[in-house]
Amino acid sequence: MVTRRAEAAGGAGATVDEGPAVQDHYPADAAHCYGCGARNPFGHHLKTRWADGSRTETITRFTPGPEQTAMPGYVYGGLVASVLDCSGTGSAALAGTHAAGLDLEGDGSLRYVTGTLEVRYQRPTPMSVELVVRGRVEEVKGRKVTVALTMTAGEDEVASGRVVALQLPDEMRSS
Ligand SMILES: CCCCCCCCCCCCCCCC(=O)SCCNC(=O)CCNC(=O)[C@H](O)C(C)(C)COP(=O)(O)OP(=O)(O)OC[C@H]1O[C@@H](n2cnc3c(N)ncnc32)[C@H](O)[C@@H]1OP(=O)(O)O
């Protein structure tokens, strides 16, 4: 378990980053994703966790490097979209697995793909600063989960968006 205390997340002593990362519980045959797959040696290896006990808010962290530059000192927008994307599908997996009454560590995670990704670039995103993505689960409806996302760099909200994720159909899983 990773526990981090972050004043920025809700005042002194607020506890965030509790519990297991959903990506560590993806089935091995569905863990190759560039953004979030543990089995992709070239990917981001994002880790998404419940932010607190409410099971509605998630948190994902990523620090970009110089190879992800748009212009000197600032992050490529496609990278921002990619991090929001897999933060969204990870949040959907947490929410869908929880809604199905499954235990992440005992049963593993359900797997979701992106149906729709919306991104609003609010400010230039600074390089080499930890980006913190917070997800808010808006709806779990059948196989579909909608997640609202914000990305902050330090004190600044640099991007926001929304992911509609669909539980991976069995035929895609076996292909
Ligand atoms: C991807 C390759 C996997 C290979 C297998 C290996 C496993 C590896 C795991 C992959 C992990 C990647 C995680 C990282 C994120 C990505 O990068 S995923 C890659 C990008 N995404 C894609 O390629 C997905 C392409 N799209 C599709 O395959 C299909 O359109 C989908 C998304 C599976 C949906 O098809 P479907 O399951 O037949 O959906 P359907 O039953 O028609 O609709 C169900 C509900 O969803 C809604 N819906 C359907 N499509 C959409 C949509 N696009 N937007 C919003 N709502 C939608 C419908 O309106 C309906 O809503 P309700 O009426 O119930 O309210």
Side-chain angles (χ1 to χ4, degrees), residues 2 17 19-51 55-65 67-70 75-122 125 130-152 158-175:
V2 175
D17 293 40
V22 69
Q23 291 87 356
D24 291 337
H25 297 278
Y26 283 166
D29 67 344
H32 298 84
C33 174
Y34 181 75
C36 55
R39 300 184 69 187
N40 188 325
F42 307 105
H44 301 329
H45 297 149
L46 295 179
K47 305 285 186 189
T48 303
R49 299 178 164 87
W50 291 120
R55 300 291 187 266
T56 56
E57 309 271 345
T58 68
I59 190 160
T60 311
R61 298 172 181 275
F62 182 77
T63 302
E67 71 278 14
Q68 291 150 341
T69 293
V75 176
Y76 170 54
L79 184 277
V80 169
S82 170
V83 172
L84 287 173
D85 185 1
C86 280
S87 302
T89 53
S91 302
L94 282 170
T97 300
H98 179 63
L102 300 173
D103 172 63
L104 194 62
E105 293 181 279
D107 303 313
S109 174
L110 300 178
R111 198 68 170 95
Y112 285 76
V113 294
T114 314
T116 299
L117 168 65
E118 299 170 10
V119 182
R120 181 181 176 94
Y121 296 97
Q122 296 169 196
T125 302
E130 184 181 64
L131 306 176
V132 180
V133 179
R134 296 178 191 284
R136 183 169 48 80
V137 179
E138 293 185 323
E139 183 181 49
V140 181
K141 182 186 178 207
R143 296 173 42 241
K144 184 172 72 173
V145 180
T146 305
V147 183
L149 300 153
T150 60
M151 177 184 284
T152 53
V158 294
S160 58
R162 181 168 281 101
V163 163
V164 180
L166 281 296
Q167 192 180 338
L168 190 67
D170 288 341
E171 62 272 20
M172 290 174 73
R173 178 76 178 276
S174 59
S175 64

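Computed from heavy atoms alone, side chains included, the values below leave out hydrogens, waters and symmetry copies. Counting starts at 1 for both ligands and their atoms, in listed order.
Between Met151 and Leu131, the shortest heavy-atom contact is SD-CD1, 3.8 Å. Nearest heavy atoms, Trp50 versus Val137: CZ3-CG2, 4.3 Å. Summarising the geometry of Leu84 relative to Val163, their closest heavy-atom pair is O-CG2, 4.0 Å, with the distance given to 0.1 Å. Among all heavy-atom pairs drawn from Cys33 and Cys86, the shortest one is SG-SG, 3.6 Å. Nearest heavy atom pair, residue Val113 against residue Thr89, reads C-CG2, 4.0 Å.
Between Lys141 and ligand 1, at least one N/O pair is under 3.5 Å apart. Considering both main-chain and side-chain atoms, Gln167 never comes within under 3.5 Å of ligand 1 through any nitrogen or oxygen pair. Taking only nitrogen or oxygen atoms, main chain and side chain alike, Thr116 reaches within less than 3.5 Å of ligand 1. The shortest N or O to N or O distance between Gly115 and ligand 1 is under 3.5 Å. At a 3.5 angstrom cut-off on N or O pairs, Arg143 counts as close to ligand 1.
Among pairs with a residue in residues 24-43, those fulfilling ring pair (Phe, Tyr, Trp, His ring centres under 6.0 Å) read Tyr34-His44, at least two apart in sequence or across chains.
Partners of Asp24 according to the salt bridge (charged side-chain N to carboxylate O under 4.0 Å, His left out) rule, which considers only residues two or more places apart in sequence or in another chain, are Lys47.
At a 4.0 Å cut-off, at least one heavy atom of Tyr112 sits close enough to ligand 1 to count as contact. The closest approach between any non-hydrogen atom of Cys86 and ligand 1 is below 4.0 Å.
Numbered from 1 in the order shown, with element, the atoms of ligand 1 that lie under 4.0 Å from a heavy atom of Val164 read 55 (C), 56 (N). Below 4.0 Å from some heavy atom of Leu168 lie the following atoms of ligand 1, by number and element: 7 (C).
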Report task. In sequence, state the C-alpha distance, the side-chain angles, and the governing distance for Arg136 and Glu138, and then conclude on salt bridge (charged side-chain N to carboxylate O under 4.0 Å, His left out). Result -> CA-CA 6 Å; Arg136 183 169 48 80; Glu138 293 185 323; 3.7 Å; yes
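Of all the listed residues (Cys33, Gly37, Ala93), Cys33 holds the heavy atom that lies closest to atom 14 (C) of ligand 1. Proximity annotation for atom 16 (C) of ligand 1: of Thr114, Leu46, Asp29, Thr114 comes nearest, heavy atoms only.
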